[in-house]
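What follows is a single structure, written as structure tokens, with notes after it.
Counting starts at 1 for both ligands and their atoms, in listed order. A quick note: this is a predicted structure, and the numbers were derived from the prediction, not measured.
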Amino acid sequence: MQVVEEVNKLDQRDRALEEIAAKLGVRAERGKRFAELTSLRVGGAIDWVISPDTEAQAAAIVHELKQAGIGWRPLGSGSNVLADDGDHHYVVLSLSNMKGVVQIDGDLVSVSAGYSLPRLCIDVARAGLSGIEGLGGIPGTVGGALWMNAGAYGHEIGTVTETVRVAREGKVIEVPGSTIQWNYRHTSFAEGELLLGATIRLKPDDPERIKSRMDDAKSRRLATQPHGSRSAGCFFKNAPASTIGTGKMIDEMGMKGQRRGSAIVSPVHANFIVTEGENARAEDALALAEEIRERVKKEQGIELEYEVELWKASNEPQTHTDDTDQSREEGT
Ligand SMILES: Cc1cc2nc3c(=O)[nH]c(=O)nc-3n(C[C@H](O)[C@H](O)[C@H](O)COP(=O)(O)OP(=O)(O)OC[C@H]3O[C@@H](n4cnc5c(N)ncnc54)[C@H](O)[C@@H]3O)c2cc1C
């Protein structure tokens, strides 16, 4: 009986979703898997993937989804997400098509959330604007970078963010960057908040000097991190209680190269878990990550916190019937 009710509920949701997509002229697809949409190349089936092209469209969609009580999650390039192998019965709002056009006005740069962060770094460097050249090697979209407060080599996106455009009640609303808490790989944006774009303030500098600093950051990255592998960057945050970085800590425990099925602790950087093979499984990556956490806890007394976001099929996103803020859990 319960199964029949569940199927009816999903049928109803599917019809509502098809209507919303048709009304707003947005692409809605079935049959996609997280393995196609994330850089770790693992993860199970997704009920629906909706891909808006513009900020206005994205704002309208989430409003309609909220009104209809349909659960959704935003995804950029999927370079910081480990989705499990189960069937994910919710909507993924894929934002990598929402690129827009970068607008430069003096030292202010406006960009949409779906725009590539590495591309933006190149654009502004060419325009003689400095402040994000350290971020040039971070894969992903601007929206993902804002959500995580992405950072590297002395630069963090939050420190240059003047305003963020968010979706509220179907509209594009601008909020000052100063009202957001930009912490280490974590921000105070509320669960269910969709980031549409941002205006960042940079500093004029010589394009050649900016490029050289960006090249320097990239070569340091190439020398210390695996490239061409399927990873999600650093799996764990650095622990405040430790004087050394998490990668070094895992390396010193002799775990480089350790394998669990299709997942391996990178031999190049021990805080990177990489996956191999066509049928790689999220459960292998997760089991390996948990093995690392247990050993670090036992041997160092330190509780490692995930930097990568863990998306569990059993943990469906909350449905919000309005656009009010919900507090967001720390970490995952
Ligand atoms: C090789 C490699 C190196 C990396 N190096 C670094 C590094 O040096 N520094 C660093 O900080 N990170 C690093 N990362 C991690 C990752 O690239 C960044 O966190 C990046 O900013 C994520 O962007 P994304 O578009 O892929 O986000 P996703 O992985 O798609 O999403 C990440 C989170 O952001 C949310 N999100 C995405 N877009 C939106 C939106 N528009 N509105 C609301 N929420 C949104 C998602 O729901 C999810 O919770 C690295 C990753 C890889 C693979």
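- Residue contacts with ligand 1: Ala145 is placed with a nitrogen or oxygen under 3.5 Å of a nitrogen or oxygen of the ligand (distance criterion only).
- Which parts of ligand 1 touch Leu95 is read off a 4.0 Å heavy-atom cut-off, strictly below it: atoms 40 (C), 41 (N).
- Considering backbone and side-chain N/O of Asn80, one or more are found under 3.5 Å from N/O of ligand 1.
- A heavy-atom distance below 4.5 Å is found between the side chains of Leu37 and Ile46.
- Of the polar atoms of Gly140, none of the N or O atoms is found under 3.5 Å from an N or O of ligand 1, judged by distance alone.
- No N or O atom of Phe272 sits closer than 3.5 Å to an N or O atom of ligand 1.
- In terms of polar-atom proximity, Ser39 is not counted as a contact of ligand 1, lacking any N or O under 3.5 Å from an N or O of the ligand.
- Summarising the geometry, atom OG1 belonging to Thr243 is positioned 8.0 Å from atom CE belonging to Met249; distances are rounded to the nearest 0.5 Å.
- Considering each of Ala150, Gly143, Gly233, Cys234, the one bringing a non-hydrogen atom nearest atom 52 (C) of ligand 1 is Gly233.
- Listed by number with element, the atoms of ligand 1 under 4.0 angstrom from any heavy atom of Val81 are 29 (O), 31 (O).
- Annotation for ligand 1: atoms under 4.0 Å from non-hydrogen atoms of Ala113 are 41 (N).
- Using a 4.5 Å heavy-atom cutoff, the side chains of Asn183 and Asn149 are not in contact.
- Each salt bridge (charged side-chain N to carboxylate O under 4.0 Å, His left out) pair with one or both residues in residues 72-87, not counting sequence neighbours, appears once here: Asp85-Arg281.
- How far CD1 of Ile180 is from OG of Ser188: 5.0 Å, rounded to the nearest 0.5 Å.
- To the nearest 0.5 Å, atom CD of residue Glu305 and atom NE2 of residue His186 are 8.5 Å apart.
- Near Met148, meaning under 4.0 Å from one of its heavy atoms, ligand 1 places the atoms 19 (O), 33 (C).
- The residue from Tyr184, Phe235, Trp147 that puts a heavy atom closest to atom 35 (C) of ligand 1 is Trp147.
- Lys248 NZ: 12 or fewer foreign heavy atoms inside a 6.0 Å radius.
- Under a 4.0 Å N-O distance rule, the pair Glu19/Arg15 does not qualify as a salt bridge.
- The shell of residues lying under 4.0 angstrom from ligand 1, judged by heavy atoms, excludes Arg73.
- For atom 38 (N) of ligand 1, the choice among Pro317, Ala58, Ala198, Gly144 with the nearest heavy atom turns out to be Gly144.
- Not a single N or O atom of Glu193, backbone or side chain, sits closer than 3.5 Å to an N or O atom of ligand 1.
- Of the candidates Ala152, Pro139, Ser112, Gly151, the one placing a heavy atom closest to atom 17 (O) of ligand 1 is Pro139.
- Here Ser77 has heavy atoms under 4.0 Å from ligand 1 in both its backbone and its side chain.
- Looking at ligand 1, you won't find any N or O of Trp311 less than 3.5 Å from one of its N or O atoms.
- Between the NZ atom in Lys312 and the NE2 atom in His88 there is a gap of 11.0 Å [rounded to 0.5 Å].
- Below 30°, between 30° and 60°, or above 60°: for Phe236 and Tyr306 the angle between ring planes is between 30° and 60°, a tilted geometry.
- With Asp215 as reference, Lys211 is the one residue of Lys218, Lys211, Arg213 to meet the salt bridge (Lys or Arg N to Asp or Glu O under 4.0 Å) rule.
- No side-chain donor from either of Glu162 and Thr199 sits under 3.5 Å from a side-chain acceptor of the other.
- For Ser231, no nitrogen or oxygen atom sits less than 3.5 Å from a nitrogen or oxygen atom of ligand 1, counting backbone and side chain alike.
- Remark: the backbone N or O of Gly233 is not paired with any side-chain donor or acceptor of Asn80 at under 3.5 angstrom.
- With atom 46 (C) of ligand 1 as the reference point, the heavy atom nearest to it among Pro118, Ala232, Pro74, Gly192 is part of Pro74.
- No part of His227 comes within 4.0 Å of ligand 1, judged by heavy-atom distances.
- Checked against a 3.5 angstrom limit, the closest N/O atoms of Glu307 and ligand 1 fall outside it.
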